[in-house]
Amino acid sequence: MTTLQQMPPAPSSPSLPRLILGSSSRYRKELLSRLDIPFEVMVPDIDETPAPGESPEATALRLAREKARAVALLAPGALVIGSDQVATLDGEQIGKPGNHQNALEQLRKMRGRRVIFHTALCLWDGRQSEPEAAAQIENIQTFVTFRDLPDAELEAYLHIEQPYDCAGSAKNEGLGIAILEKIESTDPTALTGLPLITLTSMLRRAAFPFFTR
């Protein structure tokens, strides 16, 4: 069931449209807070299972759109942000590890390798009557090269930061940066889960005023 959380309160100014982040991710919530604009959080209830034969990029784009649309149906007239991330190694999807052993196996596979993170973003403008006009959607690729580290260092890192809810088993915004060799992206916050450069471009196209209070 889709749930609503107020974080922070909805804007009262008529110049600011209602903005909703459709996500349960605390990382995305923290990133959106950097823009210092009022927003709410609604957690969409959708099936995030990849479709048979679906490419990683297609999965991320579809889920970002479905998240935004699910919330938009419950909040007519709002601007809704949906985002999804899929990590891939040699074309194979890398999910959230969930526990220590799975995380260690992920890091072993990725050490010394280049991993692609697909971060899809959808901004759904509920003021538009046609779905084709309502949705702006884009995939941002981030290329991450992992250091070739021994098991002992990988184990030590996992015990300290416990990044078991992160695809790729490393928090680049924290100590996980120490196990990365290189990050290549046009949008520096995409890897954390919400590409703010792309988002602000989408919001500008939707006539969202950033510097009005």
- Item | Separation between OG1 of T198 and CD of Q136, rounded to the nearest 0.5 Å | 10.5 Å
- Task: To the nearest 0.5 angstrom, please state how far the CG atom of D148 sits from the CD atom of E153.
- Result: 10.5 Å
- Task: Could you tell me which non-hydrogen atom of P44 sits nearest to which non-hydrogen atom of V71, and how far apart they are?
- Result: CB-CG2, 4.0 Å
- Query: I81 and F39: side-chain contact (heavy atoms from CB on, under 4.5 Å), yes or no, with the steps?
  - Reply: CA-CA 10 Å; I81 301 163; F39 68 94; over 6 Å; no
- Message: Holding to salt bridge (charged side-chain N to carboxylate O under 4.0 Å, His left out), I want the full list of residues that pass it with E105, two or more places apart in sequence or in another chain.
- Response: R108
- Query: Tell me, do T189 and L194 make a side-chain contact under 4.5 Å, heavy atoms counted?
  - Reply: no
- Message: Within the structure provided, determine whether L154 and Q106 are in side-chain contact (heavy-atom separation under 4.5 Å).
- Response: no
- Flag side-chain contact, heavy atom, 4.5 Å: S55 against P50: no
- side-chain hydrogen bond (donor to acceptor under 3.5 Å, both in side chains): which pairs involve residues 63-76, sequence neighbours left out? R62-E66, K67-D84
- Which residues share a side-chain hydrogen bond (donor to acceptor under 3.5 Å, both in side chains) with T49, sequence neighbours left out: D47
- Note on the structure: R127 meets the salt bridge (charged side-chain N to carboxylate O under 4.0 Å, His left out) criterion, sequence neighbours left out, with D125
- Task: Hey, could you give me each pair passing ring pair (Phe, Tyr, Trp, His ring centres under 6.0 Å) that has a residue in residues 101-148? Not counting sequence neighbours.
- Result: none
- Query: At what distance, to the nearest 0.5 angstrom, does CG of L121 lie from CD1 of I137?
  - Reply: 8.0 Å
- Shortest non-hydrogen contact from A64 to A120? CB-O, 3.7 Å
- Using the rule that two of Ile, Leu, Val, Met, Phe, Trp, Tyr join whenever any of their side-chain heavy atoms come within less than 4.5 Å, decide whether L61 and V86 are in one cluster. no
- Pairing residues for E57 by the salt bridge (charged side-chain N to carboxylate O under 4.0 Å, His left out) criterion, not counting sequence neighbours: none
- Under a 4.5 Å cut-off applied to non-hydrogen side-chain atoms, are L19 and L203 in contact? yes
- With sequence neighbours excluded, what pairs up with R113 under the salt bridge (charged side-chain N to carboxylate O under 4.0 Å, His left out) test? D90
- Test side-chain contact (heavy atoms from CB on, under 4.5 Å) applied to L191 and T119, step by step: CA-CA 7 Å; L191 184 58; T119 307; over 6 Å; no
- Item | All side-chain hydrogen bond (donor to acceptor under 3.5 Å, both in side chains) counterparts of S25, not counting sequence neighbours | none
- Task: Say whether L16 and L196 are linked into one hydrophobic cluster, either directly or through other cluster members, by side-chain heavy-atom distances under 4.5 angstrom.
- Result: yes
- Message: Starting from L35, can I reach L31 by hopping between I/L/V/M/F/W/Y residues whose side chains sit under 4.5 Å apart?
- Response: yes
- Message: Over 60° means perpendicular and under 30° means parallel, so tell me whether H100 and Y164 are parallel, tilted or perpendicular.
- Response: perpendicular
- Heavy-atom closest contact (L180 atom, R147 atom, distance): O-NE, 3.0 Å
- With D165, which residues qualify under side-chain hydrogen bond (donor to acceptor under 3.5 Å, both in side chains), at least two apart? R26, Y27
- Over all atoms of both residues, closest heavy-atom pair of L123 and A206: CD2-CB, 4.2 Å
- Hydrophobic cluster identity match, L21 and I140, side-chain contacts under 4.5 Å: no
- Check against side-chain contact (heavy atoms from CB on, under 4.5 Å), L32 and V41: CA-CA 11 Å; L32 186 54; V41 173; over 6 Å; no
- Item | Contacts of E130 that satisfy side-chain hydrogen bond (donor to acceptor under 3.5 Å, both in side chains) - sequence neighbours left out | none
- Item | Same apolar cluster (I L V M F W Y, side chains within < 4.5 Å links), M110/L104 | yes
- Nearest heavy-atom pair of C166 and P97: which atoms, and what distance? O-CD, 3.1 Å
- Message: Holding to side chain to side chain contact (heavy atoms under 4.5 Å, CB included), I want the full list of residues that pass it with E161, two or more places apart in sequence or in another chain.
- Response: Y157, P163, K171, L175
- Note on the structure: For S169 and L107 the tightest heavy-atom approach is O-CD2, 3.8 Å
- Message: Pair T192, E30 - check side-chain contact (heavy atoms from CB on, under 4.5 Å), show working.
- Response: CA-CA 10 Å; T192 311; E30 290 167 1; over 6 Å; no
- Query: Tell me the salt bridge (charged side-chain N to carboxylate O under 4.0 Å, His left out) pairs involving residues 180-209, sequence neighbours left out?
  - Reply: R114-E184
- Message: Counting C-beta onward and ignoring hydrogens, is there a side-chain heavy-atom pair between R111 and L149 closer than 4.5 Å?
- Response: no
- Item | Test item: I197 and P188 side chains (from C-beta on) under 4.5 Å apart, heavy atoms | yes
